[in-house]
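Inspection log for the structure reproduced underneath, given as structure tokens.
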There are 2 protein chains.
Amino acid sequence: MCAHCNYQNLLEKAGVEPTANRLQVLAVIGGNDAPLTAAEVFATIGRFHPINRVTVYRILDLLVRHRVLERISSGGRAAHFGLAPNKYHAPHPHFCCSRCGAVICLNPDSLSIDADNLHKTFAGEVDRIEVLVEGICRNCLKQRSNH
Amino acid sequence: MCAHCNYQNLLEKAGVEPTANRLQVLAVIGGNDAPLTAAEVFATIGRFHPINRVTVYRILDLLVRHRVLERISSGGRAAHFGLAPNKYHAPHPHFCCSRCGAVICLNPDSLSIDADNLHKTFAGEVDRIEVLVEGICRNCLKQRSNH
DNA sequence: GATGATTATGCAATATAGTTGCATCAATGA
DNA sequence: TCATTGATGCAACTATATTGCATAATCATC
Ligand SMILES: [Mn+2]
Ligand SMILES: [Mn+2]
Ligand SMILES: [Zn+2]
Ligand SMILES: [Zn+2]
């Protein structure tokens with residue numbers, strides 16, 4: 001668990017009941033250094049407490065809607081989930097390995113984006129800008145060079 | 001069809017046989033002003049020529065591997081496909097409406113990205129940087145205000 | 001042009017990820 | 001206690017994509 005995050009508090013401030021299941025989901029995601037899929041969250045919680053797969057999906061949706069979590073597109077088929085940016089967690093890009101599928105959080109200052117033009121000219125409402133870096137991860141590069 | 005693109009040529013240069021089906025897929029995507037899903041490509045081609053759904057998926061994969069097309073994450077479940085950046089098509093971000101799911105190409109200069117830090121510090125190989133802008137599109141904003 | 005090898009396509013079955021409907025359980029308040 | 005509401009479970013279902021294998025088309029060699 002991140003030193004700055006009281007998950008119970010996060011949920012209450014977002015206006016959702018801090019049920020045991022919701023706290024579990026949030027703690028599993030908050031305690032991991034990379035975003036997780038619904039299946040991974042389900043499996044992790046399931047090792048200690050019984051929970052239904054559908055409940056996990058519903059909680060993930062709920063927490064994304066309330067901006068406690070963010071849904072991260074991963075290049076692959078399954079969405080990944082991480083803590084939404086807040087006072088203590090700066091928004092940051094994610095890397096996705098096109099060989100092994102690994103998803104990794106990148107440093108917030110590894111990229112800088114200037115979106116002034118977008119905000120001036122785009123006719124819709126912009127809620128979020130997601131950056132996905134695609135390539136080959138370190139591990140896969142190593143393995144590849146061993147051939 | 002884009003004035004600058006000879007699809008037959010694009011395929012040959014990429015080293016893939018320019019079969020009728022491949023040309024169809026490429027022409028449908030190249031002729032549209034926003035990226036399309038596999039299902040949309042299939043339906044569009046299917047109005048005039050018989051083609052199998054699986055063939056469409058295989059061609060999309062092949063052309064993405066050969067960098068003729070790019071796969072665009074859409075926030076939703078289905079991947080979208082557009083022409084890969086080349087001499088005549090600058091890379092550009094995409095907008096995805098979280099209400100209606102519409103995917104729209106944004107102007108290449110609506111965002112500028114500085115990735116120097118990433119290239120200096122990231123241990124893997126970076127092939128592509130995808131930017132996905134999420135929000136509410138103009139149409140959905142209008143509809144919403146009509147209530 | 002016939003022959004065999006290779007590549008592209010079709011079709012059915014299957015897999016994966018996410019969603020829906022409805023029943024039940026738990027918490028809250030009158 | 002009872003009624004109301006929100007949270008969860010479970011089974012069925014949907015949407016999207018992939019696999020295995022058969023057939024058709026294309027290509028290379030003679
Ligand atoms: Mn992250
Ligand atoms: Mn585009
Ligand atoms: Zn990898
Ligand atoms: Zn919309």
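We name chains A, B, ... by the order of the sequence lines, and we start the count at 1 in each one.
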Can you tell me how far [atom2] of [N] sits from [atom1] of [X], to the nearest Å?
| X | N | atom1 | atom2 | value |
| --- | --- | --- | --- | --- |
| A:Leu63 | D:dA7 | CG | C1' | 13 Å |
| A:Arg65 | D:dG6 | CZ | P | 13 Å |
| A:Leu60 | D:dA7 | CG | C1' | 15 Å |

Seminar exercise, completed: Tracing side-chain contacts under 4.5 Å among Ile, Leu, Val, Met, Phe, Trp and Tyr outward from B:Ile136 reaches B:Leu141

For this session: Among Ile, Leu, Val, Met, Phe, Trp and Tyr joined by side-chain contacts under 4.5 Å, find the other residues sharing a cluster with B:Tyr88 and list them by chain and number.
Result: none

For this session: Report the residues that fulfil side-chain contact (heavy atoms from CB on, under 4.5 Å) with B:Glu17, sequence neighbours left out, ordered by chain and then residue number.
Result: B:Thr19, B:Arg22

Exercise. Which residues satisfy the side-chain contact (heavy atoms from CB on, under 4.5 Å) test with B:Ser110, sequence neighbours excluded?
Worked result: A:Leu118, B:Pro93, B:Leu106, B:Asn107

Exercise. Tell me, which pairs form a side chain to side chain donor-acceptor pair (under 3.5 Å) where one or both residues lie in residues 29-40 of chain B, sequence neighbours left out?
Worked result: B:Thr37-B:Glu40

Cut-off 3.5 Å, no hydrogens considered: what does the side-chain donor-acceptor table look like for residues 72-85 of chain B, sequence neighbours left out?
from, atom 1, to, atom 2, distance (Å)
B:Ser73, OG, B:Glu130, OE1, 3.4
B:Ser74, OG, B:Gly76, N, 3.2
B:Ser74, OG, B:Ala78, O, 3.0
B:His80, ND1, B:Ala78, O, 3.2

Exercise. When you measure from every atom of DNA chain D, which of residues 15-23 of chain B have a heavy atom less than 4.0 Å away?
Worked result: B:Glu17

Exercise. Does the side chain of A:Asn117 reach to within under 4.5 Å of the side chain of B:Leu111, using non-hydrogen atoms?
Worked result: no

Contacts of [X] that satisfy side-chain hydrogen bond (donor to acceptor under 3.5 Å, both in side chains) - sequence neighbours left out:
| X | value |
| --- | --- |
| A:Glu125 | none |
| B:His66 | none |
| B:His49 | B:Gln24 |

Problem set entry | Bounds of contact between DNA chain C and chain B, in 5' to 3' order, using a heavy-atom cut-off under 4.0 Å | C:dA8 to C:dG18

Could you write out each protein N or O paired with an N or O of nucleotides 13-22 of chain D at a distance under 3.5 Å?
from, atom 1, to, atom 2, distance (Å)
D:dT16, O2, A:Arg77, NH1, 3.2
D:dA17, OP1, B:Ala79, N, 3.0
D:dA17, OP2, B:Tyr57, OH, 3.0
D:dA17, N7, B:Arg53, NH1, 3.4
D:dA17, N6, B:Arg53, NH2, 3.3
D:dG20, O6, B:Arg58, NH1, 3.4

